[in-house]
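Every value quoted in this text rests on a predicted model; they were computed, and no experiment measured them.
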Amino acid sequence: MIEVRQLKKSFGAQRVLDGVDLRIEKGESVVIIGRSGGGKSVLLKHLIGLISPEAGDVLIEGESIARMTERQLLKVRRKFGMLFQGAALFDSLTVAENVGFVLHRERKLSESEIARKVDEALEMVDLGGTQDKKPAELSGGMRKRVGLARAIIYQPQIVLYDEPTTGLDPIVADSIDHLIVRVRERLAVTTVAVTHDMRSARRVGQRILMLYQGRVHFNGTPDEIFQSKDPLVHRFVNGISDPKESSL
């Protein structure tokens with residue numbers, strides 16, 4: 001479904017991705033972990049064509065997108081839904097208007113058909129009856145759910161999650177994790193999630209990739225990564241600082 005080959009990207013003098021290779025199969029749920037500034041979100045944006053690589057390639061269902069024009073990318077992006085870190089809702093729009101935004105913009109469906117799809121998407125994320133509320137009236141967890149409803153309303157094949165549980169308390173984060181799994185199972189979508197939350201990574205991921213110094217340092221199941229004897233992996237998943245690094 002997704003293949004990345006020797007992907008490289010720098011911002012100024014900083015090399016963020018330095019030869020990333022990975023494959024994600026159709027229907028698989030993969031979590032990407034790594035230190036802050038380690039390139040996780042940058043990698044995610046390459047998958048959907050929001051950033052172009054300096055070198056290497058990104059293939060979606062065997063089709064290279066690295067050198068596509070914006071017009072060509074529109075068709076590819078239709079395969080994706082994305083839940084941004086802050087949900088990225090429009091404050092001036094209602095929940096229903098946020099969720100149905102893309103469908104309204106495309107103007108291919110009637111208002112009644114869009115309303116039906118909005119209702120179905122909100123029911124899937126347990127937010128039925130919130131159509132007329134504004135984002136400011138919602139909790140952080142509810143805003144994340146609205147963002148997810150918007151991401152899945154046109155039934156994408158792939159859903160990307162950028163730090164889906166950041167800023168949420170453990171109970172709400174757990175509910176978001178279960179929701180991600182439910183969406184994957186019900187819609188048979190391929191899931192790619194970036195997270196610092198190791199509990200979330202264990203619950204959501206069928207496979208976990210760890211980025212380090214711009215490359216995939218570890219690739220394995222949740223059990224394999226949590227039982228790993230690799231010092232870098234062990235310290236990261238257990239939240240242990242490196243004694244060789246300078247302290248604050």
Side-chain angles (χ1 to χ4, degrees), residues 1-9 11 14-25 27-48 50-51 53 56 58 80 82-86 144 147-148 151 158-170 172-181 183-184 189-242 244-245:
M1 194 69 178
I2 300 171
E3 186 174 1
V4 174
R5 299 175 180 170
Q6 283 296 297
L7 194 65
K8 295 184 180 181
K9 184 66 177 181
F11 295 100
Q14 183 183 8
R15 176 58 62 89
V16 179
L17 302 178
D18 193 21
V20 172
D21 288 296
L22 63 85
R23 287 175 61 93
I24 299 173
E25 303 300 331
E28 189 176 17
S29 181
V30 172
V31 172
I32 301 170
I33 64 173
R35 298 188 64 172
S36 297
K40 302 183 300 301
S41 294
V42 172
L43 175 57
L44 208 64
K45 290 172 183 175
H46 274 87
L47 301 185
I48 202 170
L50 293 176
I51 298 178
V58 176
F80 287 85
M82 184 164 183
L83 177 60
F84 293 92
Q85 185 169 334
K144 294 272 189 178
L148 180 53
I158 306 164
V159 181
L160 307 179
Y161 299 87
D162 191 2
E163 298 286 0
T165 59
T166 293
L168 305 179
D169 68 56
V172 175
D174 180 71
S175 71
I176 295 296
D177 290 338
H178 286 293
L179 184 58
I180 292 171
V181 173
V183 167
R184 183 191 79 220
V189 295
T190 302
T191 301
V192 185
V194 161
T195 187
H196 287 98
D197 185 339
M198 297 313 302
R199 287 180 299 181
S200 179
R202 184 190 281 274
R203 286 188 290 250
V204 170
Q206 295 170 320
R207 188 156 56 93
I208 298 177
L209 305 178
M210 180 176 172
L211 291 185
Y212 180 71
Q213 293 187 343
R215 298 184 181 183
V216 175
H217 179 77
F218 181 92
N219 180 352
T221 66
D223 284 344
E224 287 170 342
I225 196 167
F226 280 95
Q227 295 170 12
S228 175
K229 302 301 182 184
D230 182 305
L232 285 170
V233 176
H234 176 76
R235 284 197 297 269
F236 185 83
V237 300
N238 291 286
I240 301 170
S241 63
D242 187 345
K244 295 179 182 179
E245 295 181 350

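For the pair Lys40 (side chain) and Gly34 (backbone), a donor-acceptor distance under 3.5 Å is present. Remark: side-chain polar atoms of Arg215 are paired, donor with acceptor, to backbone N or O of Asp18 under 3.5 angstrom. In this structure, Ser228 contributes its side chain and Ile225 its backbone to no donor-acceptor pair below 3.5 Å.
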Between Leu7 and Val58, is the side-chain contact (heavy atoms from CB on, under 4.5 Å) condition met? List the steps. CA-CA 8 Å; Leu7 194 65; Val58 176; 4.0 Å; yes
Is there a side-chain contact (heavy atoms from CB on, under 4.5 Å) between Leu83 and Val159? Walk through the geometry before answering. CA-CA 8 Å; Leu83 177 60; Val159 181; 5.6 Å; no
Derivation of the side-chain contact (heavy atoms from CB on, under 4.5 Å) call for Val181 and Arg203: CA-CA 8 Å; Val181 173; Arg203 286 188 290 250; 5.8 Å; no
Just do the side-chain contact (heavy atoms from CB on, under 4.5 Å) check on Leu44 and Leu50 with the steps written out, would you? CA-CA 9 Å; Leu44 208 64; Leu50 293 176; over 6 Å; no
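Within 6.0 Å of CZ in Phe226 there are more than 12 heavy atoms belonging to other residues, nucleotides or ligands.
Contact of the Tyr161 side chain with the Val183 side chain is registered, since non-hydrogen atoms from C-beta on lie closer than 4.5 Å. Leu17 has its side chain within reach of His46: a pair of non-hydrogen atoms, C-beta onward, lies under 4.5 Å apart. Considering only heavy atoms from C-beta on, Arg207 stays 4.5 Å or farther from Thr221 through its side chain. Using a 4.5 Å heavy-atom cutoff, the side chains of Val42 and Lys45 are not in contact. Contact check for Leu211 versus Ile32: side-chain heavy atoms found under the 4.5 Å cut-off. Side-chain atoms of Ile180 and Pro164, non-hydrogen and from C-beta on, do get closer than 4.5 Å to each other. Looking at Phe80 and Ile158, their side chains come closer than 4.5 Å, going by heavy atoms from C-beta outward. Side-chain contact between Asp230 and His217: present, with at least one pair of heavy atoms (C-beta onward) separated by less than 4.5 Å.
The minimum heavy-atom distance between Ala173 and Leu168, with the atom names listed, is N-CB, 4.2 Å. Heavy atoms only, all atoms of each residue included: Phe236 and Arg35 are closest at CE1-N, 3.7 Å. Across Glu25 and Glu28, no two heavy atoms sit closer than the pair N-OE1, 2.9 Å. Across all non-hydrogen atoms, the minimal contact from His196 to Ser36 is NE2-OG, 3.3 Å. Contact record, Pro222 with Gly205: CG-O, 3.1 Å, taken as the closest heavy-atom pair. Listed here is the closest heavy atom pair of Lys144 and Thr165: NZ-N, 4.4 Å.
Distance CD1/Ile2 to CD1/Ile48: 10.0 Å, rounded to 0.5 Å.
With sequence neighbours excluded, the residues forming a side-chain contact (heavy atoms from CB on, under 4.5 Å) with Ala201 are Val31, Ile33, Thr195, Met198, Ile208, listed by chain and number. Qualifying side chain to side chain donor-acceptor pair (under 3.5 Å) partners for Arg23, counting only residues two or more places apart in sequence or in other chains: Glu3.
Screening Asp177, Asp174, Thr166 for a side chain to side chain donor-acceptor pair (under 3.5 Å) with Ser200, the sole residue that qualifies is Asp177.
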